**Student:** 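Once you've had a glance at the structure underneath, I'll fire off some questions.
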Amino acid sequence: MPLPGMALHRTQKLNLLRLLVLLTVVLAAIKYFFRDSFSLNQYKGSSQESSFWGKAGDLKHSAEPQGQSLGIPDVKVVAAAAPARQDAKKKALQDFSLMQLRLVHLDLKGAAPKVSYLEQIFPLFSKLGANGILIEYEDMFPFKGDLEILKSPYAYSEEDIEKIQELAALNKLELIPLVQTFGHVEFILKHDKYRHLREVERFPNSFNPHVQETMTVVKSVLTQVLSKHPQANWVHIGADEVFHLGEGMDSKNWMSRNAGNMGKMYLNHIREVVSFITGQWGLHTLLWDDMLRKVDMAAIQDSGIAKHASPVLWFYAPDFDTQQIGKYIAKYAECGFKTIWFASAFKGTTGPAQAWTPLNNHLQNHLRWLKVIQSMSKTPSIRFQGIVLTGWQRYDHYSALCELLPVGIPSLAVCLQTLVNGGFTEATKKKVLSMLGFENMQLEKSICDGNGAFPGSDIYRMVEQVTGQLRDSVIKVLEEESSVKGWFSPYHRKHQFGNPRNLESFGSKVLKVHEDWENFVQSFRSRMESIYFPDTVEEWMEENVNPYLDRLREFVRDFREVIRLNARPKAL
């Protein structure tokens with residue numbers, strides 16, 4: 001039998017062996033459960049191209065492709081205290097997965113309302129059925145440092161930005177910032193400082209994606225905006241209508257080396273933007289889908305953006321083809337996108353200088369979208385997440401103003417309630433009338449009877465008078481009697497002929513009309529100034545009032561000069 005000392009030594013060895021086996025099992029388990037972290041560390045040691053997109057051909061195409069995961073780049077997180085924020089964000093996204101969002105789009109690149117008006121209107125948005133805001137700041141954001149040149153003289157302050165978010169939270173409205181990152185960047189590229197970043201030197205609308213400084217500027221803009229929106233769960237990067245892409249010399253050279261694949265060139269820029277947002281902020285990305293419609297599925301799958309981004313499919317016509325929409329949805333599902341958003345319109349899409357909102361046009365657009373939403377069961381691999389009710393204020397940075405926000409409120413009410421109730425019935429109509437304080441609504445004529453009782457209803461009524469009466473009133477009074485042309489023709493005005501008594505009789509009518517409109521415009525300007533900044537007030541007047549009222553003013557000046565001369569010849 002073994003000696004006692006030898007037995008003890010053997011027992012110790014066995015215990016040590018058991019401990020080593022246990023440690024090995026524990027380490028294997030840790031590696032298994034945290035394999036993504038180990039992979040991430042390996043990615044950090046490689047180049048961005050290989051880590052972020054993988055090697056060419058790595059992605060396996062299938063009926064339901066998963067898409068390639070976006071590797072998180074090895075960069076410092078701009079937002080402070082990331083872990084707690086990321087945990088809270090994951091919980092919020094889980095909550096949102098069970099609901100559909102209805103976002104009201106605030107396009108601030110024209111006629112941006114004062115925060116005091118947003119304070120009044122946000123509760124109405126919520127009451128009408130909205131549960132989110134898509135806010136497109138453009139030059140209304142308080143950019144600072146190197147980007148300070150981008151902000152408007154009337155840009156919101158940092159305190160305003162905080163107040164807007166507080167108002168959204170108070171009214172249970174999810175707030176999503178929209179930052180243009182490829183096209184529609186005139187507010188950036190119009191400045192000489194950034195002129196060299198244009199795709200085509202003549203046009204300031206699109207970035208040259210081949211210049212490294214382009215991405216530096218894009219990241220700086222995103223960083224400033226997102227750092228002021230710590231509670232955001234999504235960010236919209238625009239990426240629509242990248243006009244003239246492929247026409248710049250750098251793009252032509254790139255395409256000559258890449259078989260003319262413009263879709264891949266577009267996606268190369270988008271994937272870098274999505275990578276930055278995912279890595280720095282942990283947010284999901286939204287982007288308008290019109291450019292993606294032209295890109296083949298393999299390129300989208302290879303890009304890997306589907307895991308961290310969602311297309312926002314937009315159509316604004318009242319009679320768009322729902323079957324065509326279904327084909328796009330199926331395409332995006334096959335590309336690997338897990339959620340999809342839609343975009344309708346409640347104003348700003350029926351003319352670049354439209355001043356009055358056509359109600360039935362936008363109602364029909366939303367009835368079409370309801371059919372699309374109801375058909376989503378045909379593509380179960382992709383989930384409908386929400387719809388953006390766009391309210392464009394300009395077609396682009398240099399275009400004229402479209403309908404003012406108060407003018408579009410009745411249309412917004414009709415559209416939101418249509419979505420909430422699954423259609424627009426008489427009962428729905430009554431709810432809308434009650435919430436807006438109207439007595440009746442004639443959709444085909446875009447007329448609401450009654451004064452209205454919503455924030456900005458006075459502007460709504462006064463714009464109705466301007467668009468419906470000012471032009472006709474001026475033309476009528478100046479051409480009321482054909483003989484006036486004889487009394488007051490350009491020749492007679494030049495030489496001061498005409499019968500003063502007859503002119504006085506007719507002139508009194510003109511003076512009365514002129515006085516009434518001047519008083520009206522003064523009151524209207526005062527109401528406008530309570531909601532809008534001075535630049536908006538002046539621009540709207542210049543576009544919609546002055547072209548007609550100035551004719552009347554000129555007539556009155558000439559008339560008074562004739563009366564003053566009292567039939568004496570004008571001194572030569």
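Quick caveat, the model's predicted, so the values are computed rather than measured. Keep in mind that the numbers below use all heavy atoms, side chains included, and drop hydrogens, waters and symmetry copies.
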**Student:** List the steps and the verdict of side-chain contact (heavy atoms from CB on, under 4.5 Å) for Lys338 and Ile382.
**Tutor:** CA-CA 5 Å; Lys338 295 307 177 186; Ile382 190 169; 5.9 Å; no
**Student:** Looking at every non-hydrogen atom in both residues, tell me the closest pair between Ala355 and Asn544 and how far apart they are.
**Tutor:**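 Closest heavy-atom pair between Ala355 and Asn544: CB-OD1, 3.7 Å.
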**Student:** For Phe182 and Val273, run side-chain contact (heavy atoms from CB on, under 4.5 Å): C-alpha distance rounded to whole Å, both residues' side-chain angles, the deciding distance at 0.1 Å, then the answer.
**Tutor:** CA-CA 10 Å; Phe182 208 166; Val273 175; over 6 Å; no
**Student:** Please report, to 0.1 Å, the donor-acceptor pairs under 3.5 Å made by any side chain of residues 142-149, with sequence neighbours excluded.
**Tutor:**
{"residue": "Lys144", "atom": "NZ", "partner": "Glu158", "partner atom": "OE2", "Å": "3.4"}

**Student:** Evaluate the ring planes of Tyr332 and Phe337, with Trp represented by its six-membered ring, and classify them as parallel (under 30°), tilted (30 to 60°) or perpendicular (over 60°).
**Tutor:** perpendicular
**Student:** Show your working on side-chain contact (heavy atoms from CB on, under 4.5 Å) between Val295 and Leu267 and close with a plain yes or no.
**Tutor:** CA-CA 9 Å; Val295 182; Leu267 288 170; 3.7 Å; yes
**Student:** Any donor-acceptor pair under 3.5 Å linking the side chain of Ser275 with the backbone of Arg271?
**Tutor:** no
**Student:** Looking only at atom types and distance, does a side-chain atom of Ser399 sit under 3.5 Å from a main-chain N or O of Arg394, one as donor and one as acceptor?
**Tutor:** no
**Student:** Compare every heavy atom of Ala413 with every heavy atom of Leu436, then report the nearest pair and how far apart it is.
**Tutor:**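 That closest heavy-atom pairing would be CD1-CB, 3.8 Å.
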**Student:** Quick one: OH on Tyr117 to CG on Leu405, what's the gap to the nearest 0.5 Å?
**Tutor:** 5.0 Å
**Student:** If you round to the nearest 0.5 Å, how far is CG of Asn131 from CG of Leu101?
**Tutor:** 5.0 Å
**Student:** Please name the residue in the list Pro410, Ser344, Pro318, Ser411 that meets the side-chain contact (heavy atoms from CB on, under 4.5 Å) test with His362.
**Tutor:**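 The single option meeting the side-chain contact (heavy atoms from CB on, under 4.5 Å) with His362 is Ser411.
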**Student:** How many angstroms lie between atom CD of Glu334 and atom NZ of Lys331, to the nearest 0.5 angstrom?
**Tutor:** 10.5 Å
**Student:** Can a donor-acceptor pair be found, under 3.5 Å and without considering hydrogens, that links the side chain of Ser152 to the backbone of Tyr154?
**Tutor:** yes
**Student:** Do Asp290 and Phe315 have side chains that approach each other closer than 4.5 Å (heavy atoms only, starting at C-beta)?
**Tutor:** no
**Student:** Students often mix this up, so state it plainly: with edges at 30° and 60°, are the rings of Trp369 and Phe342 parallel, tilted or perpendicular?
**Tutor:**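 Judged by the thresholds at 30° and 60°, the geometry between Trp369 and Phe342 is parallel.
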**Student:** Between Arg102 and Glu174, is the salt bridge (charged side-chain N to carboxylate O under 4.0 Å, His left out) condition met? List the steps.
**Tutor:** CA-CA 9 Å; Arg102 293 180 293 274; Glu174 176 73 11; over 6 Å; no
**Student:** Would you list the pairs meeting ring-ring contact (aromatic ring centres under 6.0 Å, His included) in which at least one residue belongs to residues 393-424, sequence neighbours left out?
**Tutor:**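 Listed by first then second residue: nothing to list.
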**Student:** More than 12 heavy atoms of other residues, nucleotides or ligands under 6.0 Å from NZ of Lys193: is that the case?
**Tutor:**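 Yes, because the 6.0 Å sphere around NZ of Lys193 holds more than 12 heavy atoms from other groups.
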**Student:** Within the distance-only criterion (no hydrogens, no angle test), does the side chain of Ser375 pair as donor or acceptor with the backbone N or O of Val372 below 3.5 angstrom?
**Tutor:** yes
**Student:** Whether the side chain of Ser220 engages the backbone of Thr216 through a donor-acceptor N/O pair (distance < 3.5 Å, no angle test) should be reported.
**Tutor:** yes
**Student:** Is there a side-chain contact between Leu367 and Lys371 (heavy atoms, below 4.5 Å)?
**Tutor:** no
**Student:** Nearest 0.5 Å, please: how far is CE in Met215 from CZ in Phe207?
**Tutor:**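 Phe207 atom CZ to Met215 atom CE measures 9.0 Å (nearest 0.5 Å).
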**Student:** Do you know the tightest heavy-atom contact between Leu103 and Ile133?
**Tutor:** CD2-N, 3.9 Å
**Student:** Grab the two heavy atoms, one from Ile176 and one from His236, that are nearest each other, plus how far apart they are.
**Tutor:** CG2-N, 4.1 Å
**Student:** On the 0 to 90° scale, with breaks at 30° and 60°, tag the Tyr460-Phe454 ring pair as parallel, tilted or perpendicular.
**Tutor:** perpendicular
**Student:** Under 3.5 Å, side chain of Asn421 to main-chain N/O of Thr428, donor-acceptor pair present?
**Tutor:** no
**Student:** Would you confirm whether Ser206, through its side chain, and Gly183, through its main-chain N or O, come within 3.5 Å as a donor-acceptor pair?
**Tutor:**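 No; judged by distance alone, with no hydrogens or angles, the pair does not exist.
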**Student:** Looking only at heavy atoms, which two atoms of Val104 and Ala130 are closest? And how far apart?
**Tutor:**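 That would be CG2-CB, 3.7 Å.
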**Student:** Is the shortest heavy-atom distance from the side chain of Cys448 to the side chain of Leu359 under 4.5 Å?
**Tutor:** yes
**Student:** If you take all heavy atoms of His244 and Glu199, which pair is closest and at what distance?
**Tutor:** O-CG, 3.2 Å
**Student:** Would Arg198 pass as a cation-pi partner of Phe203, given that its NZ or CZ must be under 6.0 Å from the six-membered ring centre and within 45 degrees of the axis?
**Tutor:**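 Geometry flag: not set, cation outside 6.0 Å or 45°.
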**Student:** What's the separation between atom NZ in Lys127 and atom CG in Leu416, rounded to the nearest 0.5 Å?
**Tutor:** 13.5 Å
**Student:** Are the charged groups of Lys109 and Glu136 less than 4.0 angstrom apart, N to O?
**Tutor:**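 Judged by the 4.0 Å cut-off on N to carboxylate O distance, Lys109 and Glu136 do form a salt bridge.
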**Student:** Flag the pair Asp396 / Asn205 as yes when at least one side-chain heavy-atom distance between them is below 4.5 Å, and no otherwise.
**Tutor:**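 Result no, sub-4.5 Å side-chain heavy-atom pair not found.
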**Student:** Does Leu128 reach the side chain of Met435, with side-chain heavy atoms less than 4.5 Å apart?
**Tutor:**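 Counting from C-beta outward, Leu128 and Met435 do come under 4.5 Å.
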**Student:** Applying side-chain contact (heavy atoms from CB on, under 4.5 Å), run through Trp356 and Glu464 and close with a yes or a no.
**Tutor:** CA-CA 7 Å; Trp356 192 251; Glu464 182 181 31; 3.4 Å; yes
**Student:** Please indicate whether Gln324 has more than 12 foreign heavy atoms, meaning atoms of other residues, nucleotides or ligands, lying under 6.0 Å from its CD.
**Tutor:** yes
**Student:** Exactly one of Trp314, Trp234, Phe384 should register a ring-ring contact (aromatic ring centres under 6.0 Å, His included) with Trp341. Which one does?
**Tutor:** Trp234
**Student:** Tell me whether Ser227 contacts the main-chain N or O of Gln224 through its side chain, where contact means a donor paired with an acceptor under 3.5 Å.
**Tutor:**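 Here the side-chain-to-backbone pair exists.
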**Student:** If you measure from OG1 on Thr339 to CZ on Arg383, what distance do you get to the nearest 0.5 Å?
**Tutor:**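 Spacing of OG1 (Thr339) from CZ (Arg383) equals 6.0 Å.
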**Student:** Do side-chain atoms of Gln393 reach the backbone of Cys402 as a donor and acceptor pair under 3.5 angstrom?
**Tutor:** yes
**Student:** Between Tyr137 and His229, what is the ring plane arrangement, given parallel below 30°, perpendicular above 60°, and tilted in between?
**Tutor:** tilted
**Student:** Hey, are the side chains of Leu313 and Ile329 touching, using non-hydrogen atoms and a 4.5 Å cut-off?
**Tutor:** yes
**Student:** Can a donor-acceptor pair be found, under 3.5 Å and without considering hydrogens, that links the side chain of His105 to the backbone of Gly391?
**Tutor:** yes
**Student:** Could you verify whether a donor N or O on one side chain and an acceptor N or O on the other, from Trp540 and Tyr532, lie under 3.5 Å apart?
**Tutor:** no
